[in-house]
J.: 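Got a structure here, written out as structure tokens. Questions coming.
Letters A, B, ... mirror the listed sequences (proteins, then strands); counts begin at 1.
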Number of protein chains: 2
Amino acid sequence: MAARASSKTSESSDKVSVICRALRRAIIEQALEPGAKLPEDALGERFGVSRTIARHALGQLAAEGLVELRRNRIAVVATPSWQEARDAFDIRIELERLVVRQLAGKLTKAQIAELNAHVDAEDRARGGTDAVSIRLATEFHILLAHMTNSPILVRYVSEVAYRCCLTLSLYSRPHSTECAINEHRAIIAALAKGDAAKVMELMHHHLDSVANRALVAPTPQRGRDLLDILAPYADEVTSNRVVKLPKIARRG
Amino acid sequence: MAARASSKTSESSDKVSVICRALRRAIIEQALEPGAKLPEDALGERFGVSRTIARHALGQLAAEGLVELRRNRIAVVATPSWQEARDAFDIRIELERLVVRQLAGKLTKAQIAELNAHVDAEDRARGGTDAVSIRLATEFHILLAHMTNSPILVRYVSEVAYRCCLTLSLYSRPHSTECAINEHRAIIAALAKGDAAKVMELMHHHLDSVANRALVAPTPQRGRDLLDILAPYADEVTSNRVVKLPKIARRG
DNA sequence: AGCGCTCCAATTGCATGCAGTTTGGCCTTC
DNA sequence: GAAGGCCAAACTGCATGCAATTGGAGCGCT
């Protein structure tokens with residue numbers, strides 16, 4: 001029997017949603033790097049909509065954590081700190097353990113075939129760019145979440161997976177995706193077999209190793225924002241009076 | 001040592017954010033029941049802003065799952081199905097186990113005092129309305145999440161806790177909050193003692209029992225939307241051709 | 001050069017206006 | 001009296017316009 005009865009969860013076809021999807025994809029494929037500016041005007045013009053719509057889309061993406069919004073400032077693609085990246089992975093591990101726990105032994109043959117087909121696609125994409133491989137790997141996890149047919153779970157897994165994607169582009173060294181693909185296959189096998197404990201363990205290990213491979217170390221030099229680095233020092237000052245520094249250069 | 005260095009995570013003071021906060025609170029205190037209509041005009045007038053802003057706020061709340069938005073239709077306070085409510089609690093259990101796992105043994109004396117003070121407040125509020133008790137209980141959990149100082153975790157725990165709040169107002173029988181308060185105290189004690197496994201178990205049991213006390217059973221009668229009830233039946237029909245019924249009366 | 005100042009283009013925050021869609025009542029018809 | 005069609009009011013989807021804020025170029029001073 002299928003994990004649950006099917007139901008639609010796709011986003012509506014508002015102009016706002018269209019822009020959200022486009023930006024989301026651009027971000028996770030690293031066409032837009034973390035820190036990239038996203039002026040409302042430019043987005044509106046690019047997508048043929050008014051600034052109102054672009055603004056609304058940015059609001060949605062900010063709610064998902066993909067975009068940072070500060071009052072009266074240009075929106076930028078989010079630049080998670082190393083710690084936030086690690087936190088995201090920790091949350092992701094728990095959520096996806098829940099996913100596979102619900103799914104173990106409950107998948108139809110068709111669903112298993114769909115999963116295998118996806119991993120095949122990942123395999124074929126191994127020659128391509130890293131960005132595509134990462135996107136496909138992420139989509140595998142989202143596909144799993146969809147099969148639980150819990151819209152809330154889908155939403156959270158998707159969001160946190162996208163965030164992880166984002167951090168991979170920030171902190172990851174060019175990494176081989178082969179073992180990840182094998183781990184995907186192992187997860188499918190354990191799901192089919194119905195061994196919940198085993199598949200939870202597999203998923204945990206899989207995500208943990210992806211995180212460890214990517215988040216090499218708290219390398220404060222690489223892509224970190226100066227203010228983040230100084231934050232712990234500033235915290236020791238009375239929070240109102242900010243330390244006066246000789247012109248802090250923020251990354252453009 | 002504190003769980004982590006402190007940092008601000010509060011929402012900005014946009015008009016949009018103000019409206020979001022107000023609506024969120026109104027919803028979780030059941031001033032706005034699930035299904036209540038939220039026309040943009042009315043909200044704008046009530047809060048002294050334009051429809052644009054009200055609309056944006058509704059978009060944010062929809063992203064949090066507190067509001068349902070359908071194209072060209074009046075926004076309504078979300079009406080989660082029983083299954084969605086159960087899913088929300090399942091996710092919440094995992095997230096909050098993560099919270100206490102990170103917090104066990106890492107709290108400062110000041111933080112423990114803050115937690116105790118909050119539970120004292122819960123105690124004092126026992127005479128008041130159920131809505132206030134539920135809100136305070138929820139805020140205890142959010143306070144815990146804040147102490148991890150992981151913004152992502154705070155966001156997810158808050159969201160899912162609010163959603164649970166919402167479902168409590170839908171499905172819960174008037175329930176006594178006393179045992180919940182005692183469980184909160186037990187969690188604080190275990191956190192102070194630093195017994196991670198124990199406190200995870202406590203949190204799991206606490207949330208599970210809240211869920212079980214509230215989500216008594218798949219009672220299709222109470223507050224459920226007629227279309228939800230009929231959904232499983234409709235699923236057995238070819239999905240395109242909808243069963244013709246003699247004028248379905250939706251809850252107004 | 002390096003630092004501080006002023007001013008203007010770029011950009012956001014928000015309200016309003018118009019067009020298209022839905023809703024709910026009324027009227028006709030059976 | 002019930003079913004169905006019609007129409008106005010209500011409401012949303014979206015673009016545009018205006019005021020306020022920002023940040024960076026240019027300029028003078030040390």
J.: For nucleotides 9-12 of chain C, give me every protein contact, N/O to N/O, under 3.5 Å, one pair per line with atom names.
T.:
from: C:dT12; atom 1: OP1; to: A:Glu40; atom 2: N; distance (Å): 3.2
from: C:dT12; atom 1: OP2; to: A:Glu40; atom 2: N; distance (Å): 3.2
from: C:dT12; atom 1: O3'; to: A:Asn72; atom 2: N; distance (Å): 3.3

J.: Suppose we screen for ring pair (Phe, Tyr, Trp, His ring centres under 6.0 Å). Which residues come up paired with B:His141, at least two apart in sequence or across chains?
T.: B:His184, B:His206
J.: Keeping to residues at least two apart or across chains, list the ring pair (Phe, Tyr, Trp, His ring centres under 6.0 Å) pairs with something in residues 27-67 of chain B.
T.: A:His56-B:His56
J.: To the nearest Å, how far apart are B:Ile53 CD1 and C:dT16 P?
T.: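 That distance rounds to 11 Å.
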J.: Among all residues two or more places apart in sequence or in another chain, which pass the salt bridge (Lys or Arg N to Asp or Glu O under 4.0 Å) test with A:Arg46?
T.: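 In terms of salt bridge (Lys or Arg N to Asp or Glu O under 4.0 Å), with neighbours along the sequence ignored, A:Arg46 is linked to no residue.
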J.: Taking the side chain of A:Ser50 as its heavy atoms from C-beta onward, which of D:dC14, C:dA15, C:dG24 lies nearest to it?
T.: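 The answer is D:dC14, which lies nearest to the side chain.
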J.: NZ of A:Lys15 versus P of C:dA19: gap in Å, rounded?
T.: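 The distance from NZ of A:Lys15 to P of C:dA19 comes to 15 Å, rounded to the nearest Å.
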J.: Rounding to an integer number of Å, can you tell me how far B:Lys37 NZ sits from C:dT22 P?
T.: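 One finds 15 Å between P of C:dT22 and NZ of B:Lys37, rounded.
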J.: Does anything in residues 137-158 of chain B pair up under salt bridge (charged side-chain N to carboxylate O under 4.0 Å, His left out), and if so which pairs, sequence neighbours excluded?
T.: A:Glu159-B:Arg155, B:Arg135-B:Glu139, B:Arg155-B:Glu159
J.: May I have the distance from A:Leu69 (atom CG) to C:dC14 (atom P), rounded to whole angstrom?
T.: 11 Å
J.: Under 4.0 Å between a side-chain nitrogen and a carboxylate oxygen: does that hold for B:Glu64 and B:Arg24?
T.: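 A salt bridge is present here (some side-chain N lies under 4.0 Å from a carboxylate O).
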J.: Tell me the interatomic distance from A:His56, atom NE2, to C:dC14, atom C1', rounded to whole angstroms.
T.: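 Distance check: A:His56 NE2 to C:dC14 C1' gives 15 Å.
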J.: Which residues satisfy the ring pair (Phe, Tyr, Trp, His ring centres under 6.0 Å) test with B:Tyr162, sequence neighbours excluded?
T.: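 B:Tyr162 satisfies ring pair (Phe, Tyr, Trp, His ring centres under 6.0 Å) with no residue once adjacent residues are dropped.
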